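Since the structure comes first, as structure tokens, the remarks are kept for the end.
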Amino acid sequence: MAAASSQNTIARQWQLLKLLPSRAPGAEAKLLTQQLQDAGFKVSKRTVERDLQDLSLLFPLQCNEKSMPYGWYWMRDASLDIPGISLAEALSLTLVEAQMRQLLPAPLLSSLNMRFSQAHNTLQSLQSSNASARWPDKVASVTADMHLLAPKVDSDILQQVQQALLYDKQLEVSYHALHQDAVKQYRLNPLALVQRGQVSYLIASAEPYTDPLRFAIHRFVQVEITDSAVVTPAGFNLQGYLASGAMEFSEGDTIKLEFSAKQVLANLLQETPLSADMTCVKLDNDDYHISATVHKGWQLNLWLMSQSSFLTVLAPQELRESIKQRLADALAKY
């Protein structure tokens, strides 16, 4: 308990130093107390006043005693570089750490490793005295799909891919696609990096073509950064690419999907619609007629098959026949 109390005191005082202004008239103890409380520290005005007195013996702090209430500030020319980390910063870094490690270039990530470690240490030191520090133990983000383990990614390959993307350089790669038996060679123009569930994808065009394609990072066998500059396809931007449905494994075409749905699925879709224009109308047989504009592609087919016990595709007719055939093929295996 004594060690935890000492750690909490150090964290509080370090945060207090970061709150002090650089010039007169300074900040009064009452305001500093409120700011510390807003940051998650349980502290009284008297404790803050005592902290300020103690810290002034170690740091170049000045108290403005010309008028009440007294204000505290850093002396002129004092160094204000306090390498501490606030509770809010510690919580933010801890909660986003996993995703940042996948998307940040290695040099930037390396510079953040100390901050990640600092964030964990800050939360650990405050857990016994501050409820907010225990927040990461009480929240989580999970996928709505079947839980799959992340594929193994070669860290050197990932670093090379990120570096080429960062500096707009072409890549010479060896790639083993999911549906191909042999490793193939490509010269790629790296355009973007996208995290989709557990899998990271490099969006790139393959010379001499200009169409953006998806390359799963874990399927690269070898990569080499070239001296050649990336050739960006005309009109390409990441947000437009995502809006096209490309990461739903669509070619960009949209369809007006219509199907009848059981009540349980209809209720779910009314909470989380398929699209902004989705409509849901109750039918006489207690089913629901649902209509929505969606991207045509593999992701849609997969979802329709996964919900086949709860829906019947009505239109387009081509999609209805395709799903019917897939279900017949599946049934034949049983």
Side-chain angles (χ1 to χ4, degrees), residues 141-151 177-180 191-206 209 211-219 233 235-283 285 287-334:
S141 176
V142 299
T143 177
D145 301 319
M146 182 72 178
H147 178 70
L148 302 174
L149 297 179
L178 182 63
H179 300 296
Q180 295 177 351
L191 303 172
L193 191 62
V194 177
Q195 183 77 19
R196 184 181 186 273
Q198 299 282 35
V199 180
S200 295
Y201 288 90
L202 174 68
I203 310 305
S205 62
Y209 307 104
D211 295 337
L213 303 173
R214 299 170 296 267
F215 294 87
I217 300 295
H218 65 278
R219 296 192 190 118
F236 176 85
N237 68 80
L238 180 56
Q239 294 309 314
Y241 178 79
L242 296 176
S244 73
M247 294 312 297
E248 300 171 37
F249 297 87
S250 167
E251 298 302 322
D253 298 329
T254 59
I255 59 172
K256 194 71 171 182
L257 174 67
E258 296 184 40
F259 58 90
S260 61
K262 300 294 184 182
Q263 182 175 350
V264 61
L265 178 58
N267 290 345
L268 176 63
L269 291 177
Q270 288 183 87
E271 295 176 345
T272 53
L274 287 169
S275 66
D277 68 349
M278 192 189 87
T279 61
C280 183
V281 179
K282 189 172 184 179
L283 303 174
N285 62 354
D287 284 351
Y288 290 76
H289 180 275
I290 293 178
S291 174
T293 302
V294 296
H295 283 107
K296 177 184 178 181
W298 173 81
Q299 184 69 50
L300 173 63
N301 292 340
L302 184 64
W303 183 79
L304 290 173
M305 290 292 291
S306 71
Q307 300 296 330
S308 58
S309 297
F310 302 98
L311 64 77
T312 303
V313 175
L314 303 175
Q317 185 63 30
E318 179 185 2
L319 179 60
R320 175 183 170 89
E321 293 301 321
S322 173
I323 296 298
K324 179 179 177 181
Q325 185 61 53
R326 289 169 184 264
L327 290 172
D329 292 344
L331 181 61
K333 296 177 181 180
Y334 288 87

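Values in this document were obtained by computation on a predicted structure and should not be read as measured data. Residue numbers run from 1 in the order of the sequence given.
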Audit row: L268, V264, side-chain contact (heavy atoms from CB on, under 4.5 Å) steps and yes/no: CA-CA 6 Å; L268 176 63; V264 61; over 6 Å; no
So which atom in [X] and which in [Y] form the shortest heavy-atom distance, rounded to 0.1 Å?
X	Y	value
A261	A266	CB-N, 4.4 Å
R320	V313	NH1-O, 2.6 Å
Y209	S205	O-CB, 3.7 Å
L269	M278	O-CE, 3.3 Å

Enter the distance from [X]:[atom1] to [Y]:[atom2] here, rounded to the nearest 0.5 Å.
X	Y	atom1	atom2	result
K256	L314	NZ	CG	13.5 Å
Q263	Q270	CD	CD	9.0 Å
L331	K333	CG	NZ	11.5 Å
L311	S260	CG	OG	7.5 Å

Expected output: side-chain R214 to main-chain A246 donor-acceptor under 3.5 Å: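 Flag set: sc R214 to bb A246 pair under 3.5 Å.
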Under 3.5 Å: donor-acceptor pair, side chain of R219, backbone of A177: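 A pair under 3.5 Å: no.
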Residues Q317 and E321: side-chain donor-acceptor under 3.5 angstrom: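 The answer is yes; a qualifying pair exists.
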Between E271 and N267, a side-chain donor and acceptor under 3.5 Å: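 No - no donor-acceptor pair under 3.5 Å links their side chains.
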Verdict with supporting geometry, L319 and I323, side-chain contact (heavy atoms from CB on, under 4.5 Å): CA-CA 6 Å; L319 179 60; I323 296 298; 4.1 Å; yes
Should we say atom [atom1] of [X] is surrounded by more than 12 heavy atoms from elsewhere, each under 6.0 Å from it?
X	atom1	value
E318	CD	no
K324	NZ	no
E251	CD	no

Check against side-chain contact (heavy atoms from CB on, under 4.5 Å), L274 and F259: CA-CA 12 Å; L274 287 169; F259 58 90; 3.8 Å; yes
For residues 290-300, dump all side-chain donor-acceptor pairs below 3.5 Å to protein atoms at least two apart in sequence or in another chain.
{"residue": "T293", "atom": "OG1", "partner": "D277", "partner atom": "OD2", "Å": "2.6"}
{"residue": "H295", "atom": "NE2", "partner": "A243", "partner atom": "O", "Å": "3.4"}
{"residue": "H295", "atom": "NE2", "partner": "S244", "partner atom": "O", "Å": "3.0"}
{"residue": "Q299", "atom": "OE1", "partner": "R196", "partner atom": "NH2", "Å": "2.1"}

Non-hydrogen side-chain atoms of V199 and P151 separated by less than 4.5 Å: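 Side-chain contact under 4.5 Å: yes.
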Mutual orientation of the aromatic rings belonging to Y241 and F236 [parallel < 30°, tilted 30-60°, perpendicular > 60°]: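 If you compare the ring of Y241 with that of F236, the planes turn out tilted.
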Intermediate values then yes/no, side-chain contact (heavy atoms from CB on, under 4.5 Å), N301 and F249: CA-CA 10 Å; N301 292 340; F249 297 87; over 6 Å; no
Y288: ring pair (Phe, Tyr, Trp, His ring centres under 6.0 Å) partners, not counting sequence neighbours: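 For Y288 there are no ring pair (Phe, Tyr, Trp, His ring centres under 6.0 Å) partners, ignoring immediate neighbours.
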